[in-house]
**Q** 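My structure is below; once you've seen it, I'll send some questions.
Every value quoted in this text rests on a predicted model; they were computed, and no experiment measured them.
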Amino acid sequence: MANLIHHLNVDSHDPYALAGWWAQVLGYARSEEDFPGDPEALLIAPDGAGPGVLFCRVPDDKVVKNRVHFDLQPADHTRDEEVERLLGIGATLVGDHRRPDGTGWVTLADPEGNEFCVERSAAERAAG
């Protein structure tokens with residue numbers, strides 16, 4: 001027996017706004033059925049494959065480190081370029097774990113404080 005991941009859920013105060021921010025990050029599309037004020041908002045992968053990301057309204061504030069988070073790997077540019085792009089659209093720096101040899105990652109937070117990491121691209125990893 002096996003299961004498929006249908007959605008990854010993210011708690012949020014404003015699902016529609018946070019889904020819009022993550023749509024810029026991931027290149028996913030926000031569902032045409034979602035509108036400002038809705039209790040949830042869904043992002044759909046560009047090719048329709050893979051799980052969606054579902055943002056659900058919760059009244060609770062985020063208090064501690066996420067138990068689950070995204071590790072992002074840029075597809076067509078470098079880790080450092082992606083970190084700068086994300087900071088430019090509203091991410092905040094949580095921790096810089098880049099090493100002098102070019103390895104490592106950067107931990108950022110989205111506008112509601114959910115942590116995520118940006119790793120080196122496949123091309124950067126292949127180059128050593």
**Q** OG1 of Thr107 to CG of Leu93: how many Å apart, nearest 0.5 Å?
**A**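 It is 8.0 Å, given to the nearest 0.5 Å.
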**Q** State which residues pass salt bridge (charged side-chain N to carboxylate O under 4.0 Å, His left out) with Glu124; sequence neighbours excluded, sorted by chain then number.
**A** none
**Q** Are the side chains of Asn66 and Phe116 in contact, using a 4.5 Å heavy-atom criterion?
**A**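 No, side chains not in contact.
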**Q** Less than 4.0 Å between a side-chain N and a carboxylate O, is that true for Glu115 and Lys62?
**A** yes
**Q** Kindly work out whether a path of hydrophobic side-chain contacts (I/L/V/M/F/W/Y, heavy atoms less than 4.5 Å apart) joins Leu86 to Leu18.
**A**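 In one cluster with Leu86: Leu18, yes.
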**Q** With sequence neighbours left out, write down each residue that passes side-chain hydrogen bond (donor to acceptor under 3.5 Å, both in side chains) with Gln73, or none if nothing qualifies.
**A**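 For Gln73, no residue satisfies side-chain hydrogen bond (donor to acceptor under 3.5 Å, both in side chains) once neighbours in sequence are set aside.
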**Q** According to a 4.5 Å side-chain heavy-atom criterion applied to Ile, Leu, Val, Met, Phe, Trp and Tyr, with indirect links allowed, do Val68 and Leu72 form part of one hydrophobic cluster?
**A**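 No, separate clusters.
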**Q** Identify all side-chain donor-acceptor contacts of residues 36-58 below 3.5 Å with residues at least two apart in sequence or on another chain.
**A**
{"residue": "Asp38", "atom": "OD2", "partner": "Phe35", "partner atom": "N", "Å": "2.7"}
{"residue": "Asp47", "atom": "OD1", "partner": "Ala49", "partner atom": "N", "Å": "2.9"}
{"residue": "Arg57", "atom": "NE", "partner": "His13", "partner atom": "O", "Å": "3.4"}
{"residue": "Arg57", "atom": "NH1", "partner": "Gly37", "partner atom": "O", "Å": "3.4"}
{"residue": "Arg57", "atom": "NH2", "partner": "Gly37", "partner atom": "O", "Å": "3.3"}
{"residue": "Arg57", "atom": "NH2", "partner": "Asp38", "partner atom": "O", "Å": "3.2"}

**Q** Please identify each residue that fulfils side-chain hydrogen bond (donor to acceptor under 3.5 Å, both in side chains) with Asp71, with sequence neighbours left out.
**A**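 side-chain hydrogen bond (donor to acceptor under 3.5 Å, both in side chains) list for Asp71, sorted by chain: His69.
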**Q** One pair to check against side chain to side chain contact (heavy atoms under 4.5 Å, CB included): Val94 and Leu108. What are the steps and the verdict?
**A** CA-CA 5 Å; Val94 174; Leu108 301 173; 5.6 Å; no
**Q** Using residues 21-30 as the side-chain source, report each donor-acceptor pair under 3.5 Å to any protein atom, sequence neighbours left out, with the distance given to one decimal.
**A**
{"residue": "Trp21", "atom": "NE1", "partner": "Ile89", "partner atom": "O", "Å": "2.7"}
{"residue": "Trp22", "atom": "NE1", "partner": "Asp110", "partner atom": "OD2", "Å": "2.9"}
{"residue": "Arg30", "atom": "NH1", "partner": "Tyr16", "partner atom": "O", "Å": "2.6"}

**Q** Could you list all the ring-ring contact (aromatic ring centres under 6.0 Å, His included) pairs where at least one residue sits in residues 76-96, not counting sequence neighbours?
**A** none
**Q** May I ask you to decide if Glu81's main-chain N or O and Glu84's side chain share a donor-acceptor pair within less than 3.5 Å?
**A** no
**Q** Regarding Glu82 and Arg85, does a basic nitrogen lie under 4.0 Å from an acidic carboxylate oxygen?
**A**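 Salt bridge present between Glu82 and Arg85.
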**Q** Atom CG of Asp11 and atom CG of Asp61: how far apart are they, to the nearest 0.5 Å?
**A**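 Reported value, rounded in 0.5 Å steps: 11.5 Å.
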**Q** Once side-chain hydrogen bond (donor to acceptor under 3.5 Å, both in side chains) is applied, do any residues pair with Glu112, and if so which ones, sequence neighbours excluded?
**A** none
**Q** Apart from Val64 itself, what residues make up its hydrophobic cluster, given side-chain heavy atom links below 4.5 Å?
**A** Val63
**Q** What pairs meet the side chain to side chain donor-acceptor pair (under 3.5 Å) rule with one or both residues in residues 87-99, with sequence neighbours excluded?
**A**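 Residue pairs with at least one partner in residues 87-99: Asp80-Arg98, Asp96-Arg98, Arg99-Thr103.
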